[in-house]
Amino acid sequence: MDTRRSEQAGEASRSGIRAQGGSLAPGRVVGDGRYRLLAQFGVDERAAAHLWRARDGQLKRDVALTLLVGDPADPEAARLARRTLERAAHASKFGHGGVARVLDVLSLGSGVTSSEGLLGVVVAEWTKGSDLVDLVAQRPVAPAAAARMVQALAEAVEHAHQNGLVLGLDHPQRLRLTPNGALKLAFPGPLPEATLRDDVKALGAVLYLLLTGRWALPGGPPAIPAAPLTPQGLVVPPRTLVPAVPPELSSLAVRTIEDGGNGGIRTSSAILRVLGQVADEEERTQLIKAVGDSDEAPADGTLWTTKKPVKDVARRRKLAFGVTVLVVATVVILAWGGLMLINLFQGDSKASGPTINVAAPSSQNAPPPANSATPPPSSPAQPKIGAAVTPTSASVYNPEGSGDNSGRAKNTIDGDPGTTWRTDQYQQQLPVLKSGVGIVVSFDNPVNLAQVKITADSPGTKVEIRSADSKNPKLADTKVVGSGDLNAADTTITLQQPTQSQYFIVWITQLGDDGNGGFISQIGELSFLPAG
């Protein structure tokens with residue numbers, strides 16, 4: 001079988017597409033005179049879809065256009081285009097940081113004229129960054145970085161599938177790499193017959209592409225070599241082409257792409273589980289190497305790395321803080337022991353020598369004598385804090401819809417601040433789109449909670465601690481018992497008073513700034529300390 005993915009198949013029909021799309025050039029205006037074409041970023045020939053960056057003349061902003069080229073007199077082409085436009089219109093209600101927001105859908109007679117040679121236009125927000133094709137053209141991506149990139153995209157697929165949507169990301173030129181290193185579906189518009197399974201296979205193909213620089217599904221762009229096949233017609237594992245690829249990632253890619261056999265992966269949630277394990281293990285290995293060698297950046301020429309160095313610094317700070325606490329605690333214990341010995345030897349004797357006041361309290365704050373009838377001034381009693389208790393479960397709490405990255409909620413209670421949960425990426429600050437989002441934790445039995453410690457790298461994030469009577473309550477049925485700002489690597493929030501409950505919610509009311517005009521927050525670890 002020719003591995004170049006049907007170069008000759010359908011050549012006659014594609015030549016017709018090129019002829020009709022040939023007049024598409026920078027400077028041309030489409031969409032009833034509103035959008036001026038700036039640059040073309042690819043062609044998905046399976047759908048006769050031309051992918052362009054354009055300028056919205058009315059709103060003075062750049063947008064991404066998916067132009068469906070075809071002959072309006074061809075009833076079959078018109079039918080397929082209508083189906084694509086319907087799916088794109090449905091997706092306009094979907095919001096996720098991994099998918100460009102659909103702004104408008106134009107069809108024949110509604111924004112598109114038959115004289116334009118177009119059957120429809122999907123208008124989406126423009127995604128800053130770089131082309132995925134340009135990224136892999138230089139060299140394969142480091143395995144840990146590839147796992148993280150696909151993990152973010154898989155979270156978008158999981159979210160979409162929970163809402164019954166097909167994204168249609170099975171073409172590499174529809175994807176772009178954002179400045180923060182995340183993959184994003186920049187040109188929405190799924191094929192008319194695309195299925196949920198096609199989205200999952202696309203995740204495997206994207207992972208394969210990042211690891212090897214080759215595309216493993218039919219219909220890829222000519223600029224990317226096709227993945228080689230075995231004599232049995234199966235895709236060659238990435239590890240065969242690039243030995244540095246971990247076996248788990250290599251197996252994940254081929255098991256996701258292939259349809260046959262019992263070992264195939266069929267859901268994005270399964271992909272997320274494997275990717276999380278592989279990425280975390282790879283990053284732990286890299287951290288050990290970094291600590292063992294030096295703090296300097298590696299000089300091995302790796303093209304892409306994850307943002308874990310920032311989290312490694314936070315982890316080191318946390319370790320230093322823990323050592324400091326241990327030293328202080330040891331000193332306190334030794335001092336207490338010394339005082340107990342002194343009391344033991346002194347007994348009840350009052351003639352052992354003069355009494356020395358080590359630290360005399362000020363007259364303003366001095367406590368009254370023991371036999372005084374005047375009570376001390378009233379002040380809030382600080383509760384004694386007990387040892388941290390670990391919840392039995394953690395899940396995303398979003399009473400207004402499906403959860404943000406629900407597969408990673410467990411990372412907040414796994415004891416490792418380097419594994420994180422993060423919200424979706426939002427274009428508007430809370431509460432414009434929704435009132436908030438958070439993590440709800442459950443305990444086997446009610447706990448009398450006094451403090452919550454939050455390890456996070458999300459300056460600007462504001463949270464509330466809420467108690468609840470169930471795992472999935474209405475927000476109005478929960479009670480705010482504490483609040484704080486996550487402006488440090490570690491933040492301790494003391495509750496207004498110890499609160500007993502089996503369920504608590506860490507509720508985010510304000511997101512951090514992602515540095516690119518959007519908003520996102522992430523949490524590395526949650527610790528729950530009861531009253532002692």
Side-chain angles (χ1 to χ4, degrees), residues 20-21 23-44 47-70 72 77-129 156 159-160 163-169 171 173-176 178 184-192 194 401 424-428 432-434 516-518:
Q20 294 165 1
S23 59
L24 297 177
R28 178 181 167 181
V29 178
V30 299
D32 202 18
R34 177 170 177 174
Y35 303 102
R36 182 176 300 277
L37 302 182
L38 299 178
Q40 187 172 14
F41 283 80
V43 178
D44 186 351
H50 292 234
L51 313 175
W52 281 79
R53 181 178 184 176
R55 185 70 174 174
D56 185 339
Q58 291 185 12
L59 299 181
K60 308 301 180 184
R61 63 181 178 183
D62 287 359
V63 293
L65 298 185
T66 300
L67 305 176
L68 303 180
V69 177
R79 183 188 70 81
L80 295 176
R82 281 196 302 272
R83 176 58 176 156
T84 295
L85 296 175
E86 288 171 357
R87 286 188 149 190
H90 192 199
S92 65
K93 303 175 183 178
F94 176 70
H96 191 280
V99 181
R101 185 163 54 95
V102 175
L103 304 175
D104 200 0
V105 176
L106 310 178
S107 58
L108 281 173
S110 180
V112 175
T113 62
S114 58
S115 61
E116 292 182 295
L118 302 176
L119 299 175
V121 180
V122 179
V123 185
E125 61 183 358
W126 176 247
T127 300
K128 297 179 180 179
H159 196 182
N163 288 273
L165 295 174
V166 176
L167 292 183
L169 43 79
H171 192 281
Q173 288 180 324
R174 290 181 178 266
L175 304 175
R176 289 177 63 77
T178 65
K184 188 171 185 176
L185 177 59
F187 295 94
L191 298 181
D424 291 341
Q425 188 177 34
Y426 294 87
Q427 299 303 313
Q428 294 177 298
V432 175
L433 297 179
K434 57 185 178 183
N516 297 298

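- For the atom pair CZ of R28 and CG of L38, the computed distance is 14.0 Å after rounding to the nearest 0.5 Å.
- To the nearest 0.5 angstrom, T127 atom OG1 is 11.5 Å from D62 atom CG.
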Test D56 against Y35 for side-chain contact (heavy atoms from CB on, under 4.5 Å), laying out the working first. CA-CA 5 Å; D56 185 339; Y35 303 102; 3.8 Å; yes
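- Considering all non-hydrogen atoms of both residues, A47 and L68 come closest at O-CD2, 4.1 Å.
- Partner of H171 under the side chain to side chain contact (heavy atoms under 4.5 Å, CB included) criterion, chosen from D44, L185, L191, V43: D44.
- T178 contributes atom OG1, which lies 11.5 Å from atom NZ of K128 (distance to the nearest 0.5 angstrom).
- Of all heavy-atom pairs between L85 and S107, the closest is CD1-CB, 3.7 Å.
- Using a 4.5 Å heavy-atom cutoff, the side chains of L119 and V112 are not in contact.
- Taking CG of L169 as the reference point, atom CZ of R174 lies at 9.5 Å (rounded to 0.5 Å).
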Between F41 and W126, does a ring-ring contact (aromatic ring centres under 6.0 Å, His included) hold up when you go through it step by step? CA-CA 12 Å; F41 283 80; W126 176 247; 5.2 Å; yes
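- Note that the CG atom of N163 and the NZ atom of K93 stand 11.5 Å from one another [nearest 0.5 Å].
- Side-chain atoms of R53 do not come within 3.5 Å of backbone N or O of V63 as any donor-acceptor pair.
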Would V105 and R87 count as a side-chain contact (heavy atoms from CB on, under 4.5 Å) here? Give the steps. CA-CA 10 Å; V105 176; R87 286 188 149 190; over 6 Å; no
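- Closest non-hydrogen pair, F187 versus W52, comes out as CE2-O, 3.4 Å.
- For the residue pair T66 and A49, the shortest heavy atom distance occurs at CG2-CB, 3.9 Å.
- The minimum heavy-atom distance linking V69 with L118 is given by the pair CG2-CD2, 3.9 Å.
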Passes side-chain contact (heavy atoms from CB on, under 4.5 Å), V123 versus V102? Steps please. CA-CA 6 Å; V123 185; V102 175; over 6 Å; no
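- A 4.5 Å side-chain heavy-atom check between H159 and D424 finds at least one atom pair inside the cut-off.
- Of all heavy-atom pairs between L108 and P72, the closest is CD1-CB, 3.9 Å.
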Give the C-alpha distance, both sets of side-chain angles, the deciding distance and a yes or no for side-chain contact (heavy atoms from CB on, under 4.5 Å) between L67 and L37. CA-CA 11 Å; L67 305 176; L37 302 182; 4.1 Å; yes
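- With E125 as the partner, the salt bridge (Lys or Arg N to Asp or Glu O under 4.0 Å) test is satisfied by one option alone out of R61, R176, K184: K184.
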